[in-house]
Amino acid sequence: MTPLHEVIIKKNTKINPIWIMRQAGRYLPEFREIRKKNQNFIKLCLNQELSTEITLQPLKRFNLDAAIIFSDILMLPYGLNQKVEFEKGFGPKLGEVNIDEMSKLNEVDFVQKIYPVYKAIKKVSINDIVKNKNTIGFVGAPWTLLVYIINQKSPKKSLKKNFFENNSLIKKILLILEKFLKIHIRNQIDNGANVIQIFDSWAGLLEERDLPDYIYSPTLNLVNYVKSLNTPVICFPREIKNYKKFCEIVKPDAIGIDYNIDPKKILNDIKIPIQGGLDPKILLTDKETLKKEATKYLDIFKDHPYIFNLGHGVLPETDPIMMDYLVNMVKDY
Ligand code: CP3
């Protein structure tokens, strides 16, 4: 059995597999080398040879237990024919939504537009380096994608004032997302992804009263769909106020926690396998601090099924030597 399945399905507490969010990315010089020559980020994600190579880069360096496919949650709106660009120092920039065009889109055209993502997953999952390891496919949660689609850029700390104004538009987009997220998930699994992670990066922006409509209900629907394909699903509802309630309602197979969460409290609150938590900024300190902080998580979760990861993506300024130290330290624990 693969390491993540051991923990998520068999609830094995003797091992702590490790993978890192954004493990393929800007902190690696070999990634920056490729990126320099490929200024268009979407095109890079659609280059199956290069996205395979980038996905495997961290596995060649570090003793990680899983590959996460080099792609982006915004490939979905791109596949829905919304304009998506990434501007240096600004982040994603999306075009206006054309809801009539989006509503008419069919599955074949969507898959046609992003199929190299699936080809890359296939290539990664059959590569020898990934043998006996996991290939993680992923999607953005409906809420986080809705945020990007309507807000047309990262929302930073709050949503624009009139975000909820056009309720019928929001409803239409959520239905389209439900349909195409399922297609996107199924194609990733059909091509070799054996775990799915759902990133809800902006879950923390919502008030309690809005969670049922925008988070619980659409995410539960997706989680049930992934389960129906016999594939474990990890949810990461970043900065959501009540992880316990989220788990009780949505029932993912495992839950990713952000770095604001007190690991001792979550251990008491949550029975399902847990992933992540360590603040990515700790990797910018020194080995001694890193060892101390990482050990804290390993100690607290020593009798609980636990996958090691960070509480958000690894920062671009991270020294790869620190990453190597962390991976070995977790392996030797
Ligand atoms: O984790 C991995 O190694 C797999 C690849 C991956 C990327 N994005 C590549 C990427 C994954 C899983 C994502 C998910 C993603 N994308 C999320 C959810 C997780 C999170 O970070 O909260 C979100 C919100 C996005 C949208 C996105 N993509 C933003 C806001 C940005 C710009 C900000 C930034 O960090 O640069 C991106 C760009 C992006 N996606 C990069 C990478 C490696 C950087 C691209 C570059 O080289 O400029």
Side-chain angles (χ1 to χ4, degrees), residues 39-46 71-118 137-188 196-207 209-222 225 236-240:
Q39 294 286 328
N40 184 323
F41 183 74
I42 295 276
K43 267 200 184 149
L44 180 55
C45 291
L46 291 173
S71 177
D72 200 274
I73 62 165
L74 299 180
M75 293 312 286
L76 195 113
Y78 175 81
L80 298 176
N81 289 324
Q82 188 172 12
K83 194 169 163 189
V84 180
E85 289 172 337
F86 289 85
E87 211 171 274
K88 226 187 170 122
F90 181 82
K93 245 188 188 166
L94 288 80
E96 298 253 339
V97 192
N98 183 336
I99 193 66
D100 295 325
E101 202 193 308
M102 234 185 225
S103 306
K104 277 189 270 175
L105 185 73
N106 64 46
E107 175 167 352
V108 177
D109 291 337
F110 171 81
V111 171
Q112 175 66 26
K113 208 162 169 204
I114 61 168
Y115 78 92
V117 173
Y118 309 129
F138 68 85
V139 292
W143 163 247
T144 284
L145 289 176
L146 183 74
V147 167
Y148 279 107
I149 288 170
I150 293 191
N151 206 59
Q152 296 175 260
K153 58 179 186 204
S154 292
K156 306 289 173 223
K157 283 185 172 55
S158 62
L159 295 167
K160 56 181 182 190
K161 258 210 166 71
N162 54 355
F163 185 91
F164 291 103
E165 206 171 63
N166 193 339
N167 192 257
S168 98
L169 178 71
I170 287 182
K171 285 211 170 104
K172 281 182 194 159
I173 295 175
L174 283 175
L175 280 175
I176 294 170
L177 285 174
E178 180 184 336
K179 173 176 171 189
F180 287 96
L181 279 168
K182 287 178 178 170
I183 293 168
H184 193 36
I185 287 170
R186 180 166 41 75
N187 278 292
Q188 294 186 62
I196 294 291
Q197 174 147 323
I198 301 178
F199 286 94
D200 212 347
S201 304
W202 299 111
L205 292 181
L206 285 174
E207 300 296 330
R209 62 164 192 277
D210 292 320
L211 295 178
D213 284 354
Y214 296 104
I215 297 210
Y216 297 153
S217 156
T219 313
L220 173 63
N221 186 319
L222 271 195
Y225 181 71
F236 181 44
R238 188 166 71 90
E239 290 183 14
I240 201 165

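Along the sequence shown, residues carry numbers from 1.
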Which donor-acceptor pairs under 3.5 Å do side chains of residues 137-156 form with protein atoms, sequence neighbours excluded?
{"unit_1": "Trp143", "atom_1": "NE1", "unit_2": "Trp202", "atom_2": "O", "d": "2.8"}
{"unit_1": "Thr144", "atom_1": "OG1", "unit_2": "Asp200", "atom_2": "OD1", "d": "2.5"}
{"unit_1": "Thr144", "atom_1": "OG1", "unit_2": "Ser201", "atom_2": "N", "d": "3.0"}
{"unit_1": "Thr144", "atom_1": "OG1", "unit_2": "Trp202", "atom_2": "N", "d": "3.0"}
{"unit_1": "Tyr148", "atom_1": "OH", "unit_2": "Ser154", "atom_2": "OG", "d": "3.2"}
{"unit_1": "Tyr148", "atom_1": "OH", "unit_2": "Trp202", "atom_2": "NE1", "d": "3.1"}
{"unit_1": "Asn151", "atom_1": "ND2", "unit_2": "Lys153", "atom_2": "O", "d": "3.0"}
{"unit_1": "Gln152", "atom_1": "NE2", "unit_2": "Leu94", "atom_2": "O", "d": "3.2"}
{"unit_1": "Gln152", "atom_1": "NE2", "unit_2": "Gly95", "atom_2": "O", "d": "3.2"}

Report summary line: dist Phe163:CZ -> Ile170:CD1 (nearest 0.5 Å) comes out at 5.5 Å

**Report entry** Contacts of type side chain to side chain contact (heavy atoms under 4.5 Å, CB included), residue Asp100, not counting sequence neighbours
**Finding:** Asn98

Query raised in the report: Please, which pairs that meet ring-ring contact (aromatic ring centres under 6.0 Å, His included) have at least one residue in residues 80-109, sequence neighbours excluded?
Result: Phe41-Phe86

Query - side-chain hydrogen bond (donor to acceptor under 3.5 Å, both in side chains) against Tyr118, all qualifying residues, sequence neighbours excluded - result: His184

Query - Set of residues satisfying salt bridge (charged side-chain N to carboxylate O under 4.0 Å, His left out) with respect to Lys93, sequence neighbours excluded - result: Glu87

Query raised in the report: Under 4.5 Å between any side-chain heavy atoms of Ile42 and Met75, yes or no?
Result: yes

Query raised in the report: Residues two or more places apart in sequence or in another chain: which of them pass side chain to side chain contact (heavy atoms under 4.5 Å, CB included) with Asp213?
Result: none

Query - All side chain to side chain contact (heavy atoms under 4.5 Å, CB included) counterparts of Lys113, not counting sequence neighbours - result: Tyr78, Asn81

Query raised in the report: In chain order, what residues pass the salt bridge (charged side-chain N to carboxylate O under 4.0 Å, His left out) check against Glu107, with sequence neighbours excluded?
Result: Arg186

Query raised in the report: How many angstroms lie between CG in Leu76 and CD in Gln82, if you round to the nearest 0.5 Å?
Result: 10.0 Å

Query raised in the report: Looking at residues at least two apart in the chain, or sitting in another chain, which of them share a side-chain hydrogen bond (donor to acceptor under 3.5 Å, both in side chains) with Glu96?
Result: none

Query raised in the report: How many angstroms lie between CG in Leu74 and CG in Leu80, if you round to the nearest 0.5 Å?
Result: 11.0 Å

Which side-chain N or O atoms in residues 171-180 pair as donor and acceptor under 3.5 Å with protein atoms at least two apart or in another chain?
{"unit_1": "Lys171", "atom_1": "NZ", "unit_2": "Asn167", "atom_2": "OD1", "d": "3.1"}
{"unit_1": "Glu178", "atom_1": "OE2", "unit_2": "Lys182", "atom_2": "NZ", "d": "3.3"}
{"unit_1": "Glu178", "atom_1": "OE2", "unit_2": "Asn221", "atom_2": "ND2", "d": "3.0"}

Requested in this report: State the CG-OG distance between Leu211 and Ser217, to the nearest 0.5 angstrom.
Outcome: 11.5 Å

Report task. With rounding to the nearest 0.5 Å, note down the distance linking CD in Glu239 to CG in Leu206. Result -> 12.5 Å

Query raised in the report: CD/Glu207 to CG/Leu205 distance, rounded to the nearest 0.5 angstrom?
Result: 10.0 Å

Query raised in the report: Considering all heavy atoms of both residues, which atom of Gln188 and which atom of Ile196 are nearest to each other, and what is their separation?
Result: CB-CD1, 4.5 Å

**Report entry** side chain to side chain contact (heavy atoms under 4.5 Å, CB included) partners of Gln39, counting only residues at least two apart
**Finding:** none

Query raised in the report: Taking all atoms of both residues into account, what is the closest heavy-atom pair of Asp72 and Cys45, and its distance?
Result: N-SG, 4.4 Å

